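Sequence lines set the chain letters: A, B, ... in the order given, protein chains first and strands last, and positions in each chain run from 1. Note: hydrogens, waters and symmetry copies are ignored here, and every other heavy atom, side chains too, is used. These figures come from a predicted structure and were not determined experimentally.
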Number of protein chains: 2
Amino acid sequence: MGRQKRPTIRDVAEKAGVSIATVSKYVNRQQSFSQAVEDKLRSAIQDLGYSQNPLARSMVTGRTTAIGLAVMDIANPHYANVVKGANRVALENGYNLLVVDMEESISAARPLLAALSPRTDGLIVSARVPQDVADWLAELDKPVAFLGQPERDDVTTVGTDSVQVASLLAQFLVRQGFSKFGYVGYSRAAWNVERLRGLREVLEPAGLELQVFDVEEPTSEAGERAAARVLLCQDRPDVIIGCNDLVAIGLMSEARALGFNVPEDIAFAGIDNIPTSRYVTPPLTTVDVCSQMTGEVVMKQMMAMIEDKPCPEGLAPEPALIIRDSTRRTVKSKQLAR
Amino acid sequence: MGRQKRPTIRDVAEKAGVSIATVSKYVNRQQSFSQAVEDKLRSAIQDLGYSQNPLARSMVTGRTTAIGLAVMDIANPHYANVVKGANRVALENGYNLLVVDMEESISAARPLLAALSPRTDGLIVSARVPQDVADWLAELDKPVAFLGQPERDDVTTVGTDSVQVASLLAQFLVRQGFSKFGYVGYSRAAWNVERLRGLREVLEPAGLELQVFDVEEPTSEAGERAAARVLLCQDRPDVIIGCNDLVAIGLMSEARALGFNVPEDIAFAGIDNIPTSRYVTPPLTTVDVCSQMTGEVVMKQMMAMIEDKPCPEGLAPEPALIIRDSTRRTVKSKQLAR
DNA sequence: TTGAAAGCGCTAACAC
DNA sequence: GTGTTAGCGCTTTCAA
């Protein structure tokens, strides 16, 4: 269906009886024209259905007016919301956001980023990548920003502090009177150690026990599969923290399927505050990591980097505890705790 | 941050002491070379960290080895899963998938697609677009496929049949003995009329009542906001069908918050079978529209179109009823129905 | 097996 | 206000 080549600037120039430079300037609104030329240009463009080829434009200007965003897993609502935020800000600034899914595979990241990079004016990468990829990104002739735990001063990184997020949650749970903690982590992610550290910083001084488990992917299905192992272990925790909401939801669901009462028999908490967490039973206690705002902030930083303006400060998203019923203390649980 | 320009083919040629044509052929593995040349090339490329600029390449070949996918709302797990499926197949075929979020705005589609199109070898659009955009897409010099209800033979469209999906659900609910139906639709989507039609085709002949409501966006939040209106209406339905799972989940959640027992007082069903539906309480009855498979199939069709091969047939995803507790008939509900 | 040269569609000096 | 021209980085004849 209609595979005719699309018209070029030359076609327009010919049809309008002007030079291609004039067409270019007209299309880019770079100056004013005589009424006659303007009319001819408008109708020629209209008739031909001409529109600029951004590739050719990029070749000469070196700009693409597109930003690339590579996410670990677009099916994770946290990342989907980061995309939302980033997209809004990009559009507001006249940029297009090109999203690429890395499918939780750091090893696949390199070729994906290599393909994405030249199509964009800047790259946002939602993970701490291996050193060789990081080096390669640093050598790039365009700004790069990371999503995640801010660490070093020489790279822009936007996200909540994983240690802080985990501590916040642990502190609350300790105050609630929980004493035997379980953490179901995802050791393949870089942030896992920090979340674990955040928990330990709170639990160890309090002399509280922490059992650590691991899932092979940070999804609800993996959480479900891990549930039996976690729940039927020697010394069952009285509260389980999932490394993210997805995992926590899977764990909690399977726990209920196995006959446990939540939160009476065992409590659950997650991290991220994905929309689903409100709708599960019981609603999941979690830490809001401001997914959408993170996307907005990282894109604002990116815009600043591109325009060589100083990076806007004070935008860092602040994690917030979201207390729901999955960690409610009940008469029964308090009695059991004795 | 190393903002040095990235090395070009000319840099490599110079360093290796060969012509740029030779470098090009080497990089594209188009022929064999003398050992000496090959060694020099390899080390030059290595040292410089050279990689092809796909933009420049596209300029001359006319190919980008990228496919564009514009989705209505990436935060909707249905679309996220379509992306997953499409991405997998694209990668298998050596293509990159570039995703763009249209934010549920058909009006914003045009500029977004115009920007995406020239960066890709083919476009997949997750919506029925307005006629002018459809015409514009048809005039494009590249294959276009749509996600949704297959309708016309002259455009590739992949998706489950919305009429069939809705009928399937209605038939089941009628068999279950429900008699007063409510449908909470999203009239701004093109598929809404078909879902409604599918319901009517089953309910009208059976002489069953159908009340229709509408949400302003197809999300759980909108579902929640609509709940009071739906539940407190004159003649309350005994089963409510959400136009998608997201809406149904919001409705059901708010119904429970308002003190209704689900499914005893009122039952709920959705459409899509997003992962969350399994985890809400009660688990949501829905129709699986094979989101991921839809993505795979549409990308396979796209690959075939690009290679000018006949489109693989018999791949159409078949919707499947997923029966869960949100529509379970109970003693109480049966009594009430009398 | 290698290289010279044309040109993809466009912009940006610069000249008129 | 308008046109001429030199490339952007690359592939692709075609000739050597």
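Atom pair B/L55:CG and C/dG9:P shows a separation of 14 Å (rounding to whole Å applied). Atom-to-atom, CD of B/Q35 to P of C/dT1 comes out at 12 Å; the value is rounded to the nearest Å. Between the P atom of D/dT2 and the CG atom of A/N28 lies a distance of 16 Å, rounded to the nearest Å. One atom, NZ of B/K40, and another, P of C/dT1, lie 16 Å apart when rounded to the nearest Å. As rounded to whole Å, 15 Å separates atom P of D/dC8 from atom CG of A/D141. In this structure, A/Q31 atom CD and C/dC16 atom C1' are separated by 14 Å, rounded to whole Å. For B/R63 and D/dT11, the CZ to C1' distance is 13 Å, given to the nearest whole Å. One can place CD1 of B/I9 at 17 Å from P of C/dA6, the figure rounded to the nearest angstrom.
Residue-level contact check: A/I20 touches the bases, meaning some heavy atom is under 4.0 Å from a base atom. Nucleic acid contact for B/Q30: sugar-phosphate only, since backbone atoms but no base atoms lie under 4.0 Å from a heavy atom of the residue. Residue contacts for B/S24: at a heavy-atom cut-off of 4.0 Å it reaches a base atom on one of the strands shown. Within the nucleic acid shown, A/S32 comes within 4.0 Å of sugar-phosphate atoms alone, with no base atom in reach, counting heavy atoms only.
Summary of the strand contacts: B/A21 and B/M59 both lie near DNA chain C, and taking for each the nucleotide with the nearest heavy atom, the more 5' one is attributed to B/A21.
Taking the six-membered ring for Trp and thresholds of 30 and 60 degrees, B/Y26 and B/F33 have ring planes more than 60 degrees apart, a perpendicular arrangement.
Residue B/T8 places none of its side-chain N or O atoms closer than 4.0 Å to OP1 or OP2 of D/dG9. Between A/S34 and D/dT2 there is a side-chain polar atom (N or O) within less than 4.0 angstrom of OP1 or OP2. Phosphate proximity of D/dT11 to B/T61: absent, as no side-chain N or O sits under 4.0 Å from OP1 or OP2. Under 4.0 angstrom from either OP1 or OP2 of C/dC10 there lies no side-chain N or O belonging to A/Y26.
For the 3.5 Å distance criterion, the side chains of A/T65 and A/R57 fail to qualify, holding no donor opposite an acceptor. For the residue pair B/T294/B/S291, the side-chain donor-acceptor check at 3.5 Å is not satisfied.
Among the candidates A/N53, A/N96, A/T120, the single residue satisfying the side chain to side chain contact (heavy atoms under 4.5 Å, CB included) test with B/R119 is A/N96. Partner of A/V23 under the side chain to side chain contact (heavy atoms under 4.5 Å, CB included) criterion, out of A/N28, A/T8, A/V18: A/V18 alone.
Looking at the side chain of B/R10, the nearest of the listed nucleotides D/dG9, C/dC10, D/dG3 is D/dG9. The side chain of A/V60 has C/dT11 as its nearest neighbour among D/dG3, C/dT11, D/dT11. Considering only the side chain of B/Q52, D/dT11 comes nearest among D/dT2, D/dT11, C/dC10.
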